[in-house]
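Working notes, structure below.
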Amino acid sequence: MACSLIAGLLPGAASVAIAEEQHDDSHDPAVQFEKAQTEAELRADAERVLKKKVEPFVKNYCISCHGTRPEAGINLQSALRTPGATSSFLHWKKAVANVKVDDMPPDYADNIPTDEERRQFIEGIGKLKYLAQRDPGPFVIRRLSKVEYGNTLHDLYGVAPSIADSLPEEVVGEGYLNSISPLQSELFLDIANKVIEQVVVPEGQPPTEVQRRLFGESPPDGADYREAARKIARSLARDAYRRPPTETELDVLVGVFDLGRENDLNYTASLSLMWKAILVSPQFLFITPAGGFDSEDAIVPLDDYQLASRLSYLLWSAPPDAELSDLADKGELRQPEVLRAQAERLLRHPRSRALFDGFGAQWLGVGGLEHQTFDPDVFPQMTPALREAMVEEARLFFESIIRENQSVFRFVDSDYTFLNETLAELYGLEQSVKGPAMRRVKLDDPNRGGILGMPATLATTSFPNRTSPVMRGVWVLEQILGERVPPPPPNVPELEEQEQEQKNVEALTLRQRTELHQSEPTCANCHKVLDPIGFGLENFDAIGRWRERDEVGVAIDSAGKLPNGEGFSTPAELKALLAQRKADLARNLTERLMAYSLGRQLEGYDELVIDQLMVKIAQDDYRMRTMITEVITSYLFTHRKVKG
């Protein structure tokens, strides 16, 4: 995600001026002229800043290492040549992240910039987005995730989603895996066989209800089997491909049916072979753009079928339902008011819990908690039941924020959560919460409430046997504030290795041991930013229990400060400071959701669209459901580049 300095909001009228095309209802020539002038002025200002602030800084302090043979993959010489190109955007973001924490230029460099030069460089990079050309990016072709695949088979054919359990687990981020390995090909074929075996009965037995729905009645003797098969292929492919099949695609499918007949398969078995071809086809396994379009433009709106799929898989992790499909068939879904209404409908449905499983768990980093290792001697409480309750608490809390359309700051500052008896023990509330059922519980402890004091997030940012102030500091900066934290330099010794070089390390607290990182010149700059934030959560142990003293009985020192210098001494005070930064939290979430929905990292022109969305979201106090619907109806979500 872009750091907050890069992604700062445009001032007032200038921000409104960078409007998205589909939301620009004005045809007044005077208004259009004023908008063009404003955009031209912003671009001209960006070009001036590039020449006066950015380019001199890069040439004086960066180009020797990040030029023709760029170190760490940061090529600023190329970025200077095409400063507004999408390919340059990631280089600028990496550069800013390192300059902000004084990590670059390194301390041993001959020239070191002043603090003022650093500030002007960072602010200057934030203006380079105005040099980007209008570009919604291509439609990213991606394979259905394991969950999406299981849900799709269930929705279309009535089989249990668990039929996909044999597929390997996937780690998805802003993008998705878009290939299929030989092993996965075999697994998809095996699952297709299992689906057909569950739906299609052996010859001579009464067909199942799903079989009758898919295949209809067998045609009488003498009927044109190929014509009947083509009709069935059209129906099967419409559902599986999430759009009407082309005549060429139907020809291929009927050819598979013919192959079955040529090999002495009966009518139903030949249809099953044709269906199997659909189930292992790229059109089914991948979410793809439409094949053709009637336009000479370089940028076109998504067709209604792809819009329906993009919306449904985002919010439900499932294929479009009957209502979405009907609107797509009618060509009405792309109408902004219709799309907004459908987004609201899907969000109100219980199936929208999939948004947490796909996006929310990824954002909070709790998706791997089920398999995370904890020392059983230190934390025998980490049973499967407790792990499940931890994730369910995060899910229910996330869903409540969306369902009640609360402001996003409630993620870090709320007075309730969801507990059962097992999880309530970590909160010290086991006397008032009984039984295995999760229920909403009001919290009186100001240190609790919100994702900072939630056991799932605290556990995922810990080591197997202890807390990690560094991991927690990174988590707060990246996941909550949207800052970009530079990766650690290579060959940096682990904390334990540094400890071995210190005398009397046993007498040091974890805080003092962690601060050993700051004695390493290559580590100091980043850790001066990260560690003070992580220390603010040290009152919570590695599985989220409150404590006043650490493992060796020393009183916890949770005092720290944010990068802007604001100090705190308790988790409650840290929460309060973060909750005041609504715009940063909202922008981070908006960027992450947009990247997730598009299946790619945000670049260049994307920042201008996010600027525009933030103005609209701010007008409704950064409410969560408002943010989601604005993302769905945005230029980036509803358009794609097809040329250039």
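Here the structure is a predicted model, which means the values were calculated and not measured. Basis for what follows: all heavy atoms, side chains included, without hydrogens, waters or symmetry-related copies. Residue numbers start at 1 and run along the sequence shown.
Using a 4.0 Å cut-off between a side-chain N of Lys or Arg and a carboxylate O of Asp or Glu, Arg440 and Glu404 qualify as a salt bridge. Residues Arg243 and Asp303 are not paired through a salt bridge, judged by the lack of any N-O separation under 4.0 Å between the basic side chain and the carboxylate. Taking a cutoff of 4.0 Å between a charged side-chain nitrogen and a carboxylate oxygen, Glu630 and Arg340 qualify as a salt bridge.
Applying the side chain to side chain donor-acceptor pair (under 3.5 Å) rule to Arg625 yields the partners Glu344; only residues at least two apart in sequence or on another chain are considered. With sequence neighbours left out, the salt bridge (Lys or Arg N to Asp or Glu O under 4.0 Å) criterion links Lys582 to Asp621. Applying the ring pair (Phe, Tyr, Trp, His ring centres under 6.0 Å) criterion to Phe139, with sequence neighbours excluded, gives no partner residue. Applying the salt bridge (Lys or Arg N to Asp or Glu O under 4.0 Å) test to Lys561 and every residue at least two apart in sequence or in another chain returns nothing. Listed by chain and residue number, Arg395 satisfy the side chain to side chain donor-acceptor pair (under 3.5 Å) test with Glu392 (two or more places apart in sequence, or in another chain). Residues meeting the side chain to side chain donor-acceptor pair (under 3.5 Å) test with Thr570, sequence neighbours left out: none. In this structure, Phe637 has no ring pair (Phe, Tyr, Trp, His ring centres under 6.0 Å) partners at least two apart in sequence or on a different chain. For Arg387, the salt bridge (Lys or Arg N to Asp or Glu O under 4.0 Å) test picks out no residue, with sequence neighbours left out. Residues that satisfy the salt bridge (Lys or Arg N to Asp or Glu O under 4.0 Å) test with Arg43, not counting sequence neighbours, are absent from this structure. Evaluation of the side chain to side chain donor-acceptor pair (under 3.5 Å) rule for Asn564 yields Glu566 as partners, not counting sequence neighbours.
Every pair tested for ring pair (Phe, Tyr, Trp, His ring centres under 6.0 Å) that includes a residue from residues 320-340 fails, sequence neighbours excluded, so the list is empty. Applying the ring pair (Phe, Tyr, Trp, His ring centres under 6.0 Å) test to every pair with at least one member in residues 301-322, sequence neighbours left out, gives these pairs: Trp316-His349.
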